[in-house]
Amino acid sequence: MAGYRRVVDGLDALAVAPPVVCSLTRETPATPVMAACGHAFDQAALRRWLAAGRDRCPECGALLQDARPSRELASQIRARNARLRPNDVVRLDDVKVEKGRPLGRGSHGVVKRATFRGETVAVK
């Protein structure tokens, strides 16, 4: 299948940065809540954080009061998950690599910014 790559665990060589990441777990929240300071959290992780006596945001130090469930973030996560599923077949022609300076270099090779199905991704 020349010109195609199987997607495994996200996007194989396409490392997709999640649009919403919990400030505590660094993972996509199952039930996203938004704090007054603007940082996103997984509801269960935030409950554990507060139960441990911590009342400040780990990102900015603001008091964590009024953290509310966010339908908007939940909708963004659902829409993104619908577009990016493990084991999808990706047509390499659908990945548009941006010209310009690479995002980084290292043992992984050169990483550049690209667009795939409306998402900004990193490709090597």
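Worth knowing before you read on, the calculation uses all heavy atoms, side chains too, and leaves out hydrogens, waters and symmetry mates. Only a predicted model underlies this, so the values are computations on that prediction, with no experimental measurement involved.
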- Find out whether P32 and I77 are in side-chain contact, i.e. whether some heavy atom of one side chain is under 4.5 Å from a heavy atom of the other. yes
- Closest approach of A40 to V20 (non-hydrogen atoms, all atoms of both residues): CB-CG1, 4.0 Å
- Task: May I ask whether L63 and L50 are part of the same hydrophobic cluster, defined by side-chain heavy atoms of I, L, V, M, F, W, Y residues being less than 4.5 angstrom apart, directly or through others?
- Result: no
- Task: Hey, could you give me the CZ/CZ distance between R48 and R54, rounded to the nearest 0.5 Å?
- Result: 10.5 Å
- For residues 29-45, which residue pairs qualify under side chain to side chain donor-acceptor pair (under 3.5 Å), counting only residues two or more places apart or in two chains? none
- Message: Ignoring hydrogens, what is the shortest heavy-atom contact between P58 and S23? Give both atom names and the distance.
- Response: CG-O, 3.9 Å
- Message: Looking at every non-hydrogen atom in both residues, tell me the closest pair between A35 and F41 and how far apart they are.
- Response: CB-CE1, 3.7 Å
- Item | Listed once per pair and sorted, the salt bridge (Lys or Arg N to Asp or Glu O under 4.0 Å) pairs that draw on residues 55-65, sequence neighbours left out | R26-E59
- Message: To the nearest 0.5 Å, what is the distance between CG on L46 and SG on C57?
- Response: 9.5 Å
